[in-house]
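All chains are named by letter (A, B, ...) in the order of the sequence lines, taking the proteins before the strands, and each is independently numbered beginning at 1.
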Amino acid sequence: MTRPALTPLLPGEASGPVLRLSAPLSFWGGVDPASGRIIQVRHPECGRTIGGTILCLPATIGSSSSSAVLLELIRLGIAPAALVMGTPDAILMIGCLVAREMGWAAPPAFALDPAGQAGLPDAARIAADGNISPLS
Amino acid sequence: MPLTLTDEETRLLAGEGGEGMALAMRVIAETARLMGASRLVPVASAHIDGALYHGDSGTLFAEHLVRLGAKVAIPTTLNVGALDLACGARTRLPPHQHDMAYRMMRAYEAMGCAPTWTCAPYQAGHRPALGSDVAWGESNAVAFCNSVLGARTNRYGDFLDICCAMTARAPYYGLHVPENRRAVFALDCSGLSPALRRSDVFWPVIGTLFGQRAGTEIGVVLGLEGCATEDRLKAFGAAAASAGAVGLFHILGETPEAPDLATVTGGRDIPAIPVTASMLNAARAGLSTTGETAIDAVAIGSPHCSAEELLELDRLIAGRRLLRPFYACTGRHAVAALETSGRRRALEEAGVTLVADTCVVVTPILEGVKGVLMTNSGKFAHYAPGNTGYAVQYGAMAECVESAVTGRLVREERLWS
């Protein structure tokens, strides 16, 4: 079965459960940097943990400190396995770029529109070229 | 279009300006590539949001830059840190985190940033010129800088902001480009009562509604001519930038790029949404997360209180004693002005805790009772439940004061009906 490929922004491979956020999320104020748990009480996925997931973000909102929260998740080894963004978001990708400068393994980032995100399997493997296959 | 760098930028990237400069250019050039920018743009000033401690990673990065010889090349102010170095409000950070937060603040100062430590740098003397390109972080400061001052900045995330300050460059895309600054939708407030439009408590609510509608789009608000003050615009932008990804808003007849509808839209027809009382009430209700009427604490000052707001607080307290803890978050610039006016002591004796350089939602200052926090800030209302564990009640500054005096929610509903 072929699925639409993701557009690599920060290339890399990843696999894991797919967590689709059904509303935009600000990482700062929305994700606990020490645990990776979603703490924004108004968010539909509040209480879920983003670590190790292929995290699908329809859009990001809010704080410009979201890059710092992502950097801390990366340093602690509890970052998402990959970021899949509806539109490329500079703030989150800065977290990945700085992690690379610090020598910490940063998750890859891909672009995929929200309709495409909805069509992803519940667990997936993403190849470096953006090809995606279901994980059984 | 691929990214083209100038000869000087290419040399900096190659390390001619030192290792720190090369790192900063790598981050900026890679961001430019990711965002589709074809060139970089010189920036005149920076405001750094990256000096707030969220974990050791940020401190390690800042100290890495210092070791590489990093220095800012343009006037640069600092947003809040995690510690109050000016008024001494006690932060309940464990010793390791306290130490790392302190090291982080000192590292940014060592790079040449001005120790303003405020999220309202535009009220602490940092006011870039209309039409100038700058690199600012902190969502409310970005919104104010673009919208009220008419300078041009994207929403610079932590760490990109210091890279821009070091290189005096930013990727040229988004809100740096004049054509991208026009409104594509309008919210029309002309059907709302004049008394409501001229009340402080209205502005965070309409800002929240605007942010929810806007997402990443740019809009203009109609029907507020003659109703704005600088502090109201500040409150609007903070709420809008919390509820959406708002880096720029326009208020017709009030903000500099919206003198008339044709200018702010570029002459295009845009949809205008009439704001009704029920829309407004829904947005207002969303700012509170509880129906509980016992109030355990009050916090104001997100964005940081101006000196005028602190004096207004003093007038509203009117010599009474506050029953509940009351935190007024502000910058050292406003504390200095308050001292000059001779009212700091009276405010503190009434029971107000002044918190400078930081705020109660970004660092643990509130008592750990996890009760109900009342605030007049749309931004505090948005972030306090997740960051502090407190439930929130939203109300005007005067209602916050009355509630702190009695310990029970005091709120005037008539204005909204």
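With a 4.5 Å cut-off on non-hydrogen atoms, Tyr156(B) touches chain A through its backbone but not through its side chain. Only the side chain of His64(B) has a heavy atom closer than 4.5 Å to any heavy atom of chain A. At a 4.5 Å heavy-atom cutoff, the contact between Trp28(A) and chain B is made by backbone and side-chain atoms alike. For Pro88(A), the parts sitting under 4.5 Å from any heavy atom of chain B are the backbone and the side chain alike. The parts of Ala68(A) that come within reach of chain B are both its backbone and its side chain, each placing non-hydrogen atoms under 4.5 angstrom from that chain.
Heavy-atom pairs under 4.5 Å with chain A peak, among Leu160(B), Asp56(B), Thr216(B), Asp161(B), at Asp56(B). Chain A forms the most heavy-atom pairs under 4.5 Å with one residue out of His382(B), Arg33(B), Glu30(B), and that residue is His382(B). Comparing Gly211(B), Gly174(B), Ser57(B), Gly157(B) by how many heavy-atom pairs each has under 4.5 Å with chain A, the most go to Ser57(B).
Every pair passing salt bridge (Lys or Arg N to Asp or Glu O under 4.0 Å) that includes a residue from residues 104-131 of chain A is listed here, sequence neighbours excluded: Arg20(A)-Asp122(A).
Here the closest heavy-atom approach between residue Ser15(A) and residue Ala81(A) is recorded as O-CB, 3.8 Å.
Tyr122(B) and Asn140(B) share a donor-acceptor pair across their side chains, judged by distance under 3.5 Å alone. In this structure, a donor-acceptor pair under 3.5 Å is absent between the side chains of Ser67(A) and Asp158(B).
Tested against Cys329(B) for a side-chain contact (heavy atoms from CB on, under 4.5 Å), the candidates Cys119(B), Cys359(B), Ser302(B) yield a single pass: Cys359(B). Tested against Phe380(B), the residues Thr388(B), Leu373(B), Val361(B) include a single side-chain contact (heavy atoms from CB on, under 4.5 Å) partner, Val361(B).
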